[in-house]
> 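Structure incoming, see below.
All heavy atoms count here, side chains included; hydrogens, waters and symmetry mates do not. Counting begins at 1 with the first residue of the sequence.
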Amino acid sequence: MKIRVLVVVALLGALVACTPQPAGPKVLDREATAEDTLPASLNLGGVDVQVEPGSARLLTKYDDVKYFAARSTTAGTACLIVVPEGLPERWVTGCAAAGLSERIVTVTSVDGSESTLVNDGADTSRPEFKGLTKIHDNVLISKASR
């Protein structure tokens, strides 16, 4: 009897360990609000990253730029969408596997600035994040070098 119980417990543990976890920041799990709506001028259907419709969540607004996280149609992948207010045609986006490291994806804007999406709990004091400014728990930026 004890052996059967141990086998069942081991199998349940293996199933839980193999259950796919949500990809990317936990903010992607919350219900959408009106703030999360991407500008109508963004056409994400024509880009290679395939953002899942309706999955965008506003992370923060900083220096007249809005930063959104979204899910990709590729399982386990999260996206960063950067939209300058007043210049939505200069938006950039990128997607990458969310579970491989603290850093998910970095995108470069037209002005040369970079924005990085990081996983929840990322230790942004580590050397690889040196020189980046944390503007949200999940977003780090670097200004364009002049």
Side-chain angles (χ1 to χ4, degrees), residues 5-85 87-145:
V5 171
L6 288 175
V7 169
V8 169
V9 169
L11 288 173
L12 287 174
L15 284 174
V16 169
C18 292
T19 302
Q21 299 299 313
K26 289 181 181 151
V27 69
L28 294 173
D29 297 331
R30 73 166 168 75
E31 290 293 319
T33 66
E35 286 186 319
D36 299 320
T37 304
L38 293 169
S41 61
L42 269 66
N43 179 7
L44 297 174
V47 297
D48 295 335
V49 292
Q50 299 303 317
V51 172
E52 185 178 299
S55 70
R57 300 294 180 267
L58 178 64
L59 298 175
T60 191
K61 178 182 166 188
Y62 183 83
D63 279 350
D64 294 325
V65 177
K66 289 185 176 182
Y67 299 84
F68 296 87
R71 293 197 193 282
S72 170
T73 55
T74 303
T77 304
C79 307
L80 177 63
I81 305 167
V82 180
V83 184
E85 289 190 320
L87 296 168
E89 68 278 0
R90 291 196 174 182
W91 63 274
V92 293
T93 188
C95 301
L100 300 179
S101 68
E102 291 180 317
R103 181 187 308 247
I104 298 172
V105 66
T106 298
V107 297
T108 304
S109 295
V110 173
D111 67 359
S113 62
E114 292 185 338
S115 305
T116 300
L117 179 66
V118 296
N119 273 305
D120 293 329
D123 180 2
T124 57
S125 67
R126 294 172 50 152
E128 62 262 35
F129 298 116
K130 185 178 180 183
L132 301 177
T133 301
K134 186 175 187 175
I135 60 170
H136 180 272
D137 287 342
N138 300 107
V139 181
L140 307 173
I141 62 169
S142 70
K143 294 291 185 182
S145 50

> Is the backbone N or O of Glu128 less than 3.5 Å from a side-chain atom of Arg103, with the two atoms forming a donor-acceptor pair by type?
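Checking the backbone N and O of Glu128 against the side chain of Arg103, a donor-acceptor pair under 3.5 Å is found.
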> Measure across Cys95 and Val51 and return the closest heavy-atom pair with its distance rounded to 0.1 Å.
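Heavy-atom minimum between the residues: SG-CG2, 4.5 Å.
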> Side-chain contact, heavy-atom cut-off 4.5 Å: Glu35 with Arg57?
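Not in contact.
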> What is the minimum heavy-atom distance between Ala96 and Thr77, and which atoms define it?
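Scanning both residues, the minimum pair turns out to be O-CG2, 3.2 Å.
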> Might you point out which heavy atoms bring Asp36 and Phe68 nearest each other, and give the distance in Å?
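Here Asp36 and Phe68 meet closest at O-CE2, 3.7 Å.
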> Less than 4.5 Å apart, side chain to side chain, heavy atoms only: is that true for Glu114 and Lys143?
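Answer no - side chains too far apart.
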> Kindly determine whether Tyr67 and Val83 satisfy side chain to side chain contact (heavy atoms under 4.5 Å, CB included), including the steps that lead there.
CA-CA 7 Å; Tyr67 299 84; Val83 184; over 6 Å; no
> Taking the side chain as every heavy atom from C-beta outward, state whether Glu89 and Leu87 have any atom pair closer than 4.5 Å.
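Yes. Closest side-chain heavy atoms under 4.5 Å.
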> Closest approach of Glu102 and Ala122, non-hydrogen atoms and distance?
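For Glu102 and Ala122, the tightest heavy-atom pair comes out as OE2-CA, 3.4 Å.
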> Do Asp111 and Ser113 meet the criterion of a side-chain donor-acceptor pair at a distance under 3.5 Å?
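Yes, because at least one side-chain N or O of Asp111 sits under 3.5 Å from a partner of the opposite role on Ser113.
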> Among residues two or more places apart or on two chains, list those pairs meeting side-chain hydrogen bond (donor to acceptor under 3.5 Å, both in side chains) that have a residue in residues 129-141.
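For residues 129-141, and leaving out neighbouring residues, the side-chain hydrogen bond (donor to acceptor under 3.5 Å, both in side chains) pairs sorted by first residue read Asp120-Asn138.
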> Could you verify whether a donor N or O on one side chain and an acceptor N or O on the other, from Thr106 and Thr116, lie under 3.5 Å apart?
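Checked: Thr106/Thr116 side chains pair up, N/O donor to acceptor below 3.5 Å.
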> Report yes if the side chains of Leu132 and Ile141 come closer than 4.5 Å at any heavy-atom pair, otherwise no.
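With C-beta onward as the side chain, the pair stays apart.
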> Looking at Leu80, is its backbone amide N or carbonyl O close enough to the side chain of Thr93 to form a donor-acceptor pair, meaning the two atoms are under 3.5 Å apart?
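Side chain of Thr93 to backbone of Leu80, a donor-acceptor pair under 3.5 Å: yes, one is there.
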> Test your reading of the model: is there a side-chain donor-acceptor pair from Asn119 to the backbone of Ala98, 3.5 Å cut-off?
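At least one qualifying donor-acceptor pair exists.
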> What I'd like to find out is whether the side chain of Leu38 reaches to under 4.5 Å of the side chain of Trp91, using heavy atoms alone.
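Not touching, per the 4.5 Å side-chain cut-off.
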> Of the non-hydrogen atoms in Val82 and Ser109, which two are nearest, and what is the gap between them?
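Heavy-atom minimum between the residues: CG1-OG, 4.3 Å.
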> Could you tell me which non-hydrogen atom of Leu28 sits nearest to which non-hydrogen atom of Ala78, and how far apart they are?
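Residues Leu28 and Ala78, closest heavy atoms: CD1-CB, 4.4 Å.
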> How about Arg71 and Asp29: do any of their side-chain heavy atoms sit closer than 4.5 Å?
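They are in side-chain contact.
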> Go through the structure and list residues passing side chain to side chain contact (heavy atoms under 4.5 Å, CB included) with Ser125, not counting sequence neighbours.
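Residues passing side chain to side chain contact (heavy atoms under 4.5 Å, CB included) with Ser125: Asp123.
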> What's the verdict on side chain to side chain contact (heavy atoms under 4.5 Å, CB included) for Val65 and Tyr62, showing C-alpha distance, side-chain angles and the deciding distance?
CA-CA 5 Å; Val65 177; Tyr62 183 83; 5.8 Å; no
> Partners of Thr37 by side chain to side chain contact (heavy atoms under 4.5 Å, CB included), sequence neighbours excluded?
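Listed in chain order: nothing, the list is empty.
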> Taking side-chain contact (heavy atoms from CB on, under 4.5 Å) as the criterion, tell me which of Val118, Leu117, Ile135 meets it with Leu140.
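Per the side-chain contact (heavy atoms from CB on, under 4.5 Å) rule, the option paired with Leu140 is Val118, out of Val118, Leu117, Ile135.
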